[in-house]
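Reviewing the structure listed below.
Numbers restart at 1 for each chain; the letters A, B, ... are given by sequence-line order, proteins then strands. Just so it is clear, the model here is predicted, and its values are computed rather than measured.
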Amino acid sequence: MAGNFWQSSHSQQWILDRQDLIRERQYDLQILTEEEYQKVFIFFANVIQVLGEQLKLRQQVIATATVYFKRFYARNSLKNIDPLLLAPTCILLASKVEEFGVISNSRLISICQSVIKSKFSYAYTTDFPYRTNHILECEFYLLENLDCCLIVYQPYRPLLQLVQDMGHDDQLLTLSWRIVNDSLRTDVCLLYPPYQIAIACLQIACVILQKDSQKSWFAELNVDLDKVQEIVRAIVNLFELWKDWKEKDEIQMLLAKIPKPKPAPQR
Amino acid sequence: MDYDFKMKTQKERTKVEDLFNYEGCKVGRGTYGHVYKAKWKETSDGKEYALKQIDGTGLSMSACREIALLRELKHQNVITLIRVFLSHTDRKVFLLIDYAEHDLWHIIKFHRAAKAAKKQVVVPRGMVKSLLYQIFDGIHYLHSNWVLHRDLKPANILVMGDGPERGRVKIADMGFARLFNAPLKPLADLDPVVVTFWYRAPELLLGARHYTKAIDIWAIGCIFAELLTSEPIFHCRQEDIKTSNPYHHDQLDRIFNVMGFPQDKDWEDIKKMPEHHTLTKDFKRSSYSTCSLAKYMDRHKIKPDSKAFHLLQKLLLMDPNKRITSEQAMQDAYFQEEPLPTQDVFAGCPIPYPKREFLTDDDQEDKSDTKRQQQQAAAQQQQQQQQQQAQQQQQQSQLQAQAQAQQQQQQQQAQQQQQQQQQHSHEPNSKRVRLSGPGGGPQPNQQVHPGQQQQQDFHQQQVAAAAAAQQQQQQQQQVQAQQMMFNQQQQNFQQRF
Ligand SMILES: Nc1ncnc2c1ncn2[C@@H]1O[C@H](COP(=O)(O)OP(=O)(O)OP(=O)(O)O)[C@@H](O)[C@H]1O
Ligand SMILES: [Mg+2]
């Protein structure tokens with residue numbers, strides 16, 4: 001569906017209000033600080049990215065999975081479902097929706113196991129604890145909480161058009177593309193329409209590459225520049241956070257701190 | 001997963017069986033699920049819904065695609081997804097959709113039966129035009145949203161019965177994640193299902209790897225021709241379809257037999273098709289030198305100088321790049337000419353077609369075009385056995401009726417064979433393998449035998465078919481009685497999404 005964004009469920013149901021988002025997170029924010037909360041989501045965005053790469057999924061699918069993940073927790077506490085379970089579930093669902101062939105359940109589990117061991121051993125000292133039945137059960141909860149809104153518009157397509165329109169080089173595209181990937185580690189995909197995110201990412205890329213001459217080009221765009229600035233700020237904040245963050249030293253402590261699901265009472 | 005979270009959502013979740021009555025009301029069986037006619041339990045509004053229970057458990061890729069797309073689409077000629085029910089305990093998925101009393105497969109079948117019985121069906125003059133216009137309207141909406149239907153055929157074009165949307169076309173089953181749609185994946189790797197080839201564009205049969213809008217347009221052309229003549233224009237034996245290969249000799253032969261073999265200038269890129277070498281090896285242009293669409297349609301009483309024919313010709317162009325778009329089609333002179341298309345395709349006239357009948361669990365409302373070949377064979381065998389049993393159980397007094405019916409059928413047969421001789425060898429004379437349940441009713445032109453049936457079995461089959469037809473008639477009466485309860489007043493229903 002490359003069709004009409006404005007009539008999509010993404011536009012009508014899933015561009016959230018910042019206040020609303022803060023309200024929904026109240027429970028988790030009594031336990032984690034805002035910064036810690038963001039760091040948890042940066043970590044799991046990485047988990048989804050690495051899982052997706054290992055499964056040879058396209059970036060579009062990985063991005064969609066990440067947005068599912070963020071949408072679920074925009075309406076739920078981290079306590080409700082262990083993010084380590086939800087992450088591969090989002091991958092599974094996104095790959096079906098984006099039509100890239102079905103990932104077999106056993107392959108998904110074995111990739112989870114090996115990725116946790118090889119890439120995230122600094123965070124998890126135990127094996128990946130979930131099996132197919134857990135993921136399939138979780139998938140129903142995910143679909144329900146997404147209210148069956150599965151088509152997600154991403155900034156990649158508008159970005160391609162913008163860069164083309166600017167008449168610019170691969171270097172600019174590569175960099176802004178990567179900034180779009182980075183933006184998935186912020187809340188912007190929950191708060192702004194994708195074309196605004198694309199413009200913001202392109203702007204950041206132009207600044208980094210010192211393409212000052214593009215200022216007038218941006219000024220001529222028919223877009224709410226305040227919104228674009230908000231997005232730019234969110235992404236720049238992420239870069240700041242990243243600069244000083246020693247993820248490897250901190251993550252175990254953070255994961256230990258997040259609220260955990262309560263198991264069924266023993267009879 | 002958190003226990004409290006589970007309990008809380010479980011309490012809040014509404015179950016489909018608490019909201020709707022649908023047990024025993026199955027009206028359709030598709031490749032991917034069962035379709036029930038459902039009614040709201042609590043409120044007394046008589047509004048009907050279709051409840052599609054997806055086969056198997058959990059979320060298949062096709063279920064995902066259907067939910068994902070239907071959730072976004074909103075057009076009066078595209079079926080509306082009202083709500084999704086997930087049953088966590090047995091992992092079943094239900095889709096609640098508009099209930100459409102009719103579809104083109106049943107409508108065309110009704111006309112064929114009438115034609116074979118030399119009976120008239122009274123419908124408004126502009127009905128075919130109205131149907132076609134609304135199909136284009138819906139497809140134009142899909143195409144402008146970059147949704148390709150990819151499986152257009154009469155069974156997937158629904159038509160609303162009496163009610164607020166009377167006579168409105170609803171396109172169903174879009175974006176079907178039949179795996180062979182997956183971009184970049186060759187058709188060959190994927191789908192083992194025998195989907196019908198009759199509506200497949202020539203470029204697909206020659207190995208084109210990607211679905212395009214033009215492929216949908218070809219299928220609409222086929223449906224248009226079928227609406228005009230009541231015969232599937234590119235009817236072809238389906239017994240020996242090798243699904244692992246998109247190239248299908250018999251289907252191409254059939255297309256050339258109607259259309260003639262394409263001239264180089266008609267379709268320049270035909271040389272670039274993956275199966276072009278096979279084509280040149282297997283076919284000789286000269287064998288089709290006398291064939292043309294104009295002649296074919298003329299034989300079916302559609303004049304080559306009519307507006308209908310002109311439009312048809314623009315849809316059934318061999319070269320996909322030359323086929324017109326849905327937008328252009330909607331501007332065509334055919335639609336400007338009287339009678340103009342109407343919103344209600346029945347234009348206020350009484351609807352001559354029967355309502356959907358309920359199927360029982362072991363019935364197969366088979367559309368031969370959608371079955372797995374193996375299933376087909378197995379089901380045929382079963383049916384034959386059942387029929388033979390049924391036959392043995394028949395009372396003496398019924399034998400006479402059977403004999404009569406048999407005689408009738410043989411006459412039909414003879415007639416058809418005569419017609420066939422006048423026309424081409426693959427003329428569509430109902431060679432579809434149809435295992436009709438009670439839905440079929442006693443159809444004079446119904447043939448239960450597969451094309452390759454041995455002469456010997458043949459006679460027996462005919463007798464058996466007659467017996468089956470009688471049983472069907474009885475069941476049909478029962479069903480009609482049941483249906484009476486389902487014709488109450490309609491009220492509004494708040495949509496969930
Ligand atoms: N909305 C509806 N209202 C009434 N009947 C319906 C509706 N949708 C489907 N049906 C009936 O059920 C049958 C199967 O449904 P559907 O076409 O959705 O299944 P499918 O799995 O896509 O099958 P196929 O691949 O054969 O099209 C249809 O051919 C039609 O007779
Ligand atoms: Mg169908």
Side-chain angles (χ1 to χ4, degrees), chain A residues 1-5 7-13 58 60 64 76-82 85-86 89 92-103 105 130 132-153 157 259-266, chain B residues 1-10 12-13 57-75 81-93 95 141-148 174-185 189-190 211 496-497:
Chain A
M1 291 275 298
N4 193 336
F5 173 73
Q7 277 158 26
S8 67
S9 64
H10 185 162
S11 162
Q12 293 183 350
Q13 271 180 259
R58 289 211 330 204
Q60 170 85 24
T64 296
N76 288 278
S77 160
L78 284 161
K79 173 176 182 289
N80 289 356
I81 294 183
D82 178 2
L85 172 60
L86 193 68
T89 309
L92 182 69
L93 189 58
S95 71
K96 289 181 196 170
V97 171
E98 301 279 352
E99 226 179 289
F100 280 93
V102 188
I103 305 170
N105 294 322
Y130 300 109
T132 302
N133 58 325
H134 299 116
I135 291 189
L136 295 182
E137 182 190 24
C138 183
E139 193 182 32
F140 265 37
Y141 284 88
L142 175 60
L143 183 63
E144 212 164 56
N145 275 272
L146 295 175
D147 198 17
C148 296
C149 302
L150 298 176
I151 306 266
V152 177
Y153 288 72
R157 194 187 295 264
K260 301 286 183 307
K262 205 177 78 195
Q266 298 288 321
Chain B
M1 198 172 302
D2 187 63
Y3 182 71
D4 293 340
F5 169 67
K6 256 184 170 169
M7 289 300 115
K8 184 168 159 281
T9 49
Q10 212 170 73
E12 288 168 359
R13 185 177 303 130
T57 55
L59 282 168
S60 63
M61 173 128 101
S62 58
C64 269
R65 291 287 302 168
E66 189 162 23
I67 292 171
L69 288 171
L70 283 180
R71 187 70 178 75
E72 305 297 325
L73 299 171
K74 203 169 157 23
H75 187 271
L81 176 66
I82 300 162
R83 190 164 163 178
V84 177
F85 292 95
L86 301 174
S87 166
H88 289 237
T89 40
D90 56 3
R91 301 195 41 72
K92 282 285 181 190
V93 180
L95 310 183
Y141 170 78
L142 294 179
H143 283 183
S144 48
N145 282 289
W146 286 95
V147 176
L148 305 176
M174 70 285 311
F176 235 110
R178 296 272 158 68
L179 281 181
F180 58 77
N181 308 335
L184 310 174
K185 295 219 166 152
D189 302 357
L190 299 158
Y211 277 81
R496 243 292 282 255
F497 284 149

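Within the 3.5 Å criterion, the main-chain N or O of Ser9(A) finds a donor-acceptor partner in the side chain of Glu72(B). No donor-acceptor distance shorter than 3.5 angstrom exists from the side chain of Arg91(B) to the backbone of Phe140(A), with no hydrogens or angles considered. For the pair Arg65(B) (side chain) and Glu98(A) (backbone), a donor-acceptor distance under 3.5 Å is absent.
Residues Ala68(B) and Ile151(A) come closest through the heavy atom pair O-CG1, 3.4 Å. For the pair Cys149(A) and Arg71(B), the tightest heavy-atom approach, listed with the atom from each and the gap, is SG-NH2, 3.5 Å.
His88(B) is listed as a side-chain neighbour of Glu144(A), based on a closest heavy-atom distance under 4.5 Å. Counting heavy atoms from C-beta outward, Asn80(A) and Lys6(B) have side chains that stay 4.5 Å or more apart. Tyr3(B) places a side-chain heavy atom less than 4.5 Å from the side chain of Pro265(A).
With respect to Lys262(A) and Asp2(B), no salt bridge is recorded, no charged nitrogen being found less than 4.0 Å from a carboxylate O.
Once rounded to the nearest 0.5 Å, the distance linking OG of Ser60(B) with NZ of Lys96(A) reads 7.5 Å. Here Leu93(A) contributes atom CG and Cys64(B) contributes atom SG; the two are 5.0 Å apart, rounded to the nearest 0.5 Å. To the nearest 0.5 Å, atoms OG1 (Thr9(B)) and CG (Asn145(A)) are separated by 8.0 Å. How far SG of Cys148(A) is from CG of Leu81(B): 7.5 Å, rounded to the nearest 0.5 Å. If you take NZ on Lys74(B) and CG on Asn4(A), they are separated by 13.0 Å, rounding to the nearest 0.5 Å.
Considering only heavy-atom pairs separated by less than 4.5 Å from chain B, the leading option among Leu146(A), Leu143(A), Asp82(A) is Leu143(A). When the candidates Gln12(A), Gln7(A), His10(A), Lys79(A) are compared by the number of heavy-atom contacts under 4.5 Å with chain B, Lys79(A) comes out ahead.
Heavy-atom contacts from other residues, nucleotides or ligands closer than 6.0 Å to NZ of Lys8(B) number 12 or fewer.
The cationic atom of Arg13(B) (NZ for Lys, CZ for Arg) lies less than 6.0 Å from the six-membered ring centre of Tyr141(A) and within 45° of the ring axis.
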Leu59(B) vs Glu139(A), side-chain contact (heavy atoms from CB on, under 4.5 Å): CA-CA, chis, key distance, verdict: CA-CA 8 Å; Leu59(B) 282 168; Glu139(A) 193 182 32; 3.6 Å; yes

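For Glu137(A), the parts lying under 4.5 angstrom from a heavy atom of chain B are both the backbone and the side chain.
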